[in-house]
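Just below is one structure, and these are the notes that go with it.
Computed from heavy atoms alone, side chains included, the values below leave out hydrogens, waters and symmetry copies.
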Amino acid sequence: MNVKYAMAKLARKKHHIERLEVQSFEMNVYLVKVTIAGESGFVTDKNDSPMRFHNSQMVRDMFEHCNIDNAVMTHDSPYDEMIGNPMKKSDLTEMPFSMDQPY
């Protein structure tokens, strides 16, 4: 199932988010995937496209009213392959992401 969470609806009231995953990409682009009531999906903008966040503080600001159990940042890096090292099974790095304000 491909669940989507419209930011406009998430911003209207306090939500209990089991997991908030900030996916880091190049050039200051972050996408956010949330798990609510056991269902995971990307946060979308007014055009129903994955919402782009331009920095980590923007994520904190947009979700500061929510109760978040676990927040992480992930980054999938192809750099080993790019510099001639053997490919890994997974290049995904996951680290804790603080939602505390102010950052």
So which atom in [X] and which in [Y] form the shortest heavy-atom distance, rounded to 0.1 Å?
X     : Y     : result
Asp69 : Glu18 : CB-O, 3.3 Å
Leu31 : Pro50 : CD2-CB, 4.1 Å
Cys66 : Lys14 : CA-CG, 4.2 Å
Met62 : Met51 : CE-CE, 3.4 Å
Val72 : Phe97 : C-CB, 3.6 Å
Met99 : Ile68 : CE-CD1, 3.6 Å

Any side-chain heavy-atom pair of [X] and [Y] under 4.5 Å:
X      : Y     : result
Glu21  : Thr35 : no
Asn28  : Asn55 : no
Gln101 : Asp61 : yes

Residue Arg19 excluded, over 12 heavy atoms near CZ under 6.0 Å: yes

Rounded to the nearest 0.5 Å, what separation is found between the [atom1] atom of [X] and the [atom2] atom of [Y]?
X     : Y     : atom1 : atom2 : result
Asn67 : His65 : CG    : NE2   : 11.0 Å
Thr74 : Met95 : OG1   : CE    : 8.0 Å
Lys4  : Lys9  : NZ    : NZ    : 12.0 Å
His15 : Tyr5  : NE2   : OH    : 10.0 Å

So if you build clusters from Ile, Leu, Val, Met, Phe, Trp, Tyr with side-chain heavy-atom gaps below 4.5 Å, do [X] and [Y] land together?
X     : Y     : answer
Val34 : Met73 : yes
Met58 : Phe42 : no
Val3  : Leu10 : yes

Using the six-membered ring wherever Trp is involved, compare the ring planes of Phe63 and Phe53 and label them parallel, tilted or perpendicular (cut-offs 30° and 60°). tilted

Treating His16 as the side-chain partner and Ile36 as the backbone partner, does any N or O pair qualify as donor plus acceptor under 3.5 Å? no

